[in-house]
Amino acid sequence: MERPGRLVLLSELRVRNSAYDVSLSRSLLTWKRRVSSPVYHPFRPRFCVPSFPRRPDSGVCQSVSVSEIISVREEEENSSGQRDDGSWKKITDREEKDCRQAFTVLYVERCRQHRWRCAEITFTCPEGALCQRWVSSIRDQLAAITSRPKNLLVYINPYGGKRQGKRIYEQKVAPLFAQAGISTDVIVTEYANHARDHLRTDVELKKFDGVVCVGGDGMFSEIIHGLIWRTQLDSGVDLNCADETLVPCSLRIGIIPAGSTDCICFATVGTNDPVTSALHIIVGDSQPMDVCSVHHNNTFLRYSVSLLGYGFYGDVLTDSERKRWMGPARYDFSGVKMFLTHHYYEGTVSYLPARGIIGTPRDATRCLSGCVICHHNGQLLSERGEQYEMDEASDSESDGEWRTIRGKFLAINAASMSCACPRSPKGLSPAAHLADGTTDLILVRKCSRFSFLRHLLRHTSKDDQFDLTFVEVHRVRRFRFTPRYCQSDSDLELDLQESGKRQIFSQICRDHPACGCAPAYSSWNCDGEILTHTAIDVRVHCQLIKLFARGIEEPAVFEDLTNPCAI
């Protein structure tokens, strides 16, 4: 059996005007500059004029993983005498008849702040046959990587964020896909939930290796709702049953960020750069991710992958929806407004703690690429066959496993990932993991405005936001919430009843909450969408979907870079 590091090719090639020893193994492409020597070498051109200034070589020896090579193309030096690097040479009649062949390798280069860019290097061979051999060998290596997508279904949201989705795809992403030999079917969405509905019924998924969305977190939510719904339908799973074990989706999902927050990209890649996300798709990365299903009285409501927020974050979203004309500034305005109103809500939270896993919400372990906690906990849940205290006998509080908390809360949040973004570098739960089968349940009890402000400010600093007496956090696999004033009725029906009773004073109470007529219940913010019910049952489904990502890479990978990324 051939060893992974065994050499496939080894040749002396030229890069610009310098000779390099270039080697190709099963895992690496390496080029090492030869030590200059005054001894005549027939490979070097005999007639040269000074070349144009160029940047100095970044190192004597460089290498790139074969898995991170984007593509290779065959080239030829110009017969006019100008090389591809801009230098010139005198062309003799013999050289004009037998121009040296060259090939260019496009590969991933890491930059600062977790960004990737497409770099390239051109090697010149002494003869055309050797050049073709190199090109064929590299292409054979790339073709052997089965994880790389060849056919993608792309959905573009032209209205999300700053309405730049279509331009971003056409100018930054489509050229990279073309260079990598990826064929695409592109659909520009025309209305809300267009992508979701199309995935549910109209598309033949077997033709594709993945689904790509160009937009923000809302567009990504559409994709996962359509893809999960289609997978469960094909597998005969009842979506309205909260105790059903969902079937994982076979297709990976790619995200080209073009939204307002791009929370998912920050959690899975570390940046919201479109080129970086496109390169992760090209190299065929795979990052599993948990998904929470949300039910009300055995009726399916939505899926959540990032944040479920009741109280403060639900109120901010509800208020901001009335001010869409303000653009992204509406979130700041509504946030300040809801902080000043300082509403609290009474209710009951029941949760099922995650047992037998490693990691806690208070530890300093972040979810990074190749996360040990996600691997261990995911494998543990898989071995248990998704039967972890989910049978009918353990579904009641009498068995002692379910825990119940009653009280007055300013906010109830369930974070399935860190929810980090530029405004909150650490996120709502810095130690939350992408694929460990749990969610971090954060309860913020009633407190003063000043204390709540301390909690909010800690999202933007390095301080422990859970180190406060009125904040508690639990790592759970399932939880339920019931507001005090709607124990049995639908929230919408209750809303109609209450609005009829207080029709005269409703506007006064809404604008002036100091009157003491505080609302009885809030709304749930489910990944940026408002739920129609407040009494919900939430269950985490471990590694239900996979993304074209690899998680946030260790900072050490980027420490040696001296030049900022220029894309």
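A quick note: this is a predicted structure, and the numbers were derived from the prediction, not measured. We count residues from 1, following the sequence as given.
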Ignoring hydrogens and geometry, is there a side-chain-to-backbone donor-acceptor pair from Thr318 to Asp315 under 3.5 Å?
no
Would you say the side chain of Cys118 lies within less than 4.5 Å of the side chain of Val275, judging by non-hydrogen atoms?
no
On a heavy-atom basis, which atom in Asp209 and which in Lys150 lie closest, and how many Å separate them?
OD2-N, 2.8 Å
Minimum-distance pair of heavy atoms, taken over all atoms of Leu441 and Ile412
CD1-CG2, 4.1 Å
Salt bridge between Arg478 and Asp537, side-chain N to carboxylate O under 4.0 Å?
yes
Using the rule salt bridge (charged side-chain N to carboxylate O under 4.0 Å, His left out), only one of Arg148, Arg550, Arg117 pairs with Glu68; which is it?
Arg550
Could you walk me through whether Ile552 and His114 satisfy the side chain to side chain contact (heavy atoms under 4.5 Å, CB included) test, starting with their C-alpha distance in whole Å, then the side-chain angles of each, then the deciding distance to 0.1 Å, before giving a yes or no?
CA-CA 7 Å; Ile552 300 176; His114 304 286; 3.4 Å; yes
Can you tell me if Arg330 has over 12 outside heavy atoms packed within less than 6.0 Å of its CZ?
yes
What I want to check is whether the side chains of Thr299 and Asn297 have a donor and an acceptor closer together than 3.5 Å.
no
Determine, for Asp273 against Lys172, whether the closest basic-nitrogen to carboxylate-oxygen distance falls under 4.0 angstrom.
no
Between CZ on residue Arg230 and CG on residue Leu233, distance to nearest 0.5 Å
7.5 Å
Please confirm whether the backbone N or O of Ala354 pairs with a side-chain atom of His474, one donor and one acceptor, at under 3.5 Å?
no
Distance-only polar pair, side chains of Ser293 and His541, donor-acceptor under 3.5 Å
yes
Is there a side-chain contact between Leu531 and Ser523 in this structure, where contact means two heavy atoms from C-beta onward sitting under 4.5 Å apart?
no
Okay, side chain of Thr276, backbone of Trp116: is any donor-acceptor separation there less than 3.5 Å?
yes
Taking Asp217's backbone N and O only, do any of them form a donor-acceptor pair with Ser221's side chain (distance below 3.5 Å, no angle check)?
no
How would you list all residue pairs meeting ring-ring contact (aromatic ring centres under 6.0 Å, His included) that involve residues 221-241, not counting sequence neighbours?
His225-Tyr303
Does any non-hydrogen side-chain atom of His280 lie less than 4.5 Å from one of Gln287?
no
Is the backbone N or O of Pro274 less than 3.5 Å from a side-chain atom of Ser277, with the two atoms forming a donor-acceptor pair by type?
no
Indicate yes or no for a side-chain donor-acceptor contact from Ser418 to the backbone of Ser429 under 3.5 Å, with no hydrogens or angles considered.
no
Does any non-hydrogen side-chain atom of Cys213 lie less than 4.5 Å from one of Asn157?
no
Atom CD1 of Ile530 and atom CH2 of Trp524: how far apart are they, to the nearest 0.5 Å?
14.0 Å
For residues Asn298 and Asn240, determine if any side-chain heavy atom of one lies less than 4.5 Å from a side-chain heavy atom of the other.
no
I'd like to know whether Ile536 forms a side chain to side chain contact (heavy atoms under 4.5 Å, CB included) with Arg302, so could you lay out the CA-CA distance, the side-chain angles of the two residues, the decisive distance to 0.1 Å, and finally the verdict.
CA-CA 11 Å; Ile536 60 173; Arg302 286 189 68 86; over 6 Å; no
If the condition is salt bridge (charged side-chain N to carboxylate O under 4.0 Å, His left out), which residues does Arg458 pass it with, not counting sequence neighbours?
none
Report the C-alpha distance between His433 and Cys371 in whole Å, list the side-chain angles of each, state the deciding distance to 0.1 Å, and finish with yes or no for side chain to side chain contact (heavy atoms under 4.5 Å, CB included).
CA-CA 8 Å; His433 289 267; Cys371 180; 3.2 Å; yes
Tightest non-hydrogen contact, residues Cys292 and Val538, listed as CB-CG1, 3.9 Å
Report yes if the side chains of Leu352 and Glu401 come closer than 4.5 Å at any heavy-atom pair, otherwise no.
yes
Minimum heavy-atom distance between Ser71 and Leu142, given as atom pair plus value:
CA-CD1, 4.1 Å
Heavy-atom closest pair (Asp527 atom, Val305 atom, distance to 0.1 Å) is OD2-N, 2.8 Å
Counting distance only, does the side-chain N/O of Glu472 pair as donor-acceptor with the main-chain N or O of Arg445 below 3.5 Å?
no
Describe, in one word, how the ring planes of Tyr169 and Phe177 are oriented to each other, choosing from parallel (under 30°), tilted (30 to 60°) and perpendicular (over 60°).
perpendicular
Does Glu222 use its side chain to pair, donor to acceptor, with the backbone of Ala195 at less than 3.5 Å?
yes
For Gln543 and Asp290, what are the C-alpha separation, side-chain angles and deciding distance, and is it a side chain to side chain contact (heavy atoms under 4.5 Å, CB included)?
CA-CA 4 Å; Gln543 302 183 8; Asp290 298 335; 4.0 Å; yes
Which class fits the ring pair Tyr313 and His459: parallel under 30°, tilted 30 to 60°, perpendicular over 60°?
tilted
Any donor-acceptor pair under 3.5 Å from Asp332 side chain to Ala329 backbone
no
Please say which of Leu410, Ile405, Val473 ends up in a side chain to side chain contact (heavy atoms under 4.5 Å, CB included) with Leu443.
Ile405
Any sub-3.5 Å donor-acceptor pair from Thr268's side-chain atoms to Gly551's backbone N or O?
no
Any side-chain heavy atom of Cys419 sitting closer than 4.5 Å to one from Ser424?
no
What's the spacing between Arg477 CZ and Thr438 OG1 if we round to 0.5 Å?
9.0 Å
Less than 4.0 angstrom from a charged side-chain N to a carboxylate O is my criterion; do Arg167 and Glu170 meet it?
no
Is the distance between the ring centroids of His198 and Tyr155 under 6.0 Å?
yes
I need the Asn377 CG to Ile373 CD1 distance, nearest 0.5 Å.
7.0 Å
Close side-chain approach of Leu199 and Leu205, heavy atoms under 4.5 Å:
yes
Tell me, yes or no, whether the heavy-atom count around Lys546 atom NZ, taken from other residues, nucleotides or ligands under 6.0 Å, exceeds 12.
no
In terms of heavy-atom contacts, Val471 and His455 come closest through CG2-ND1, 3.8 Å
Between Trp402 and Arg480, is there a cation-pi geometry (under 6.0 Å to ring centre, at most 45° from the normal)?
yes
Criterion ring-ring contact (aromatic ring centres under 6.0 Å, His included) against Tyr310, the qualifying member of Phe479, Phe481, Tyr521, Phe409:
Phe481
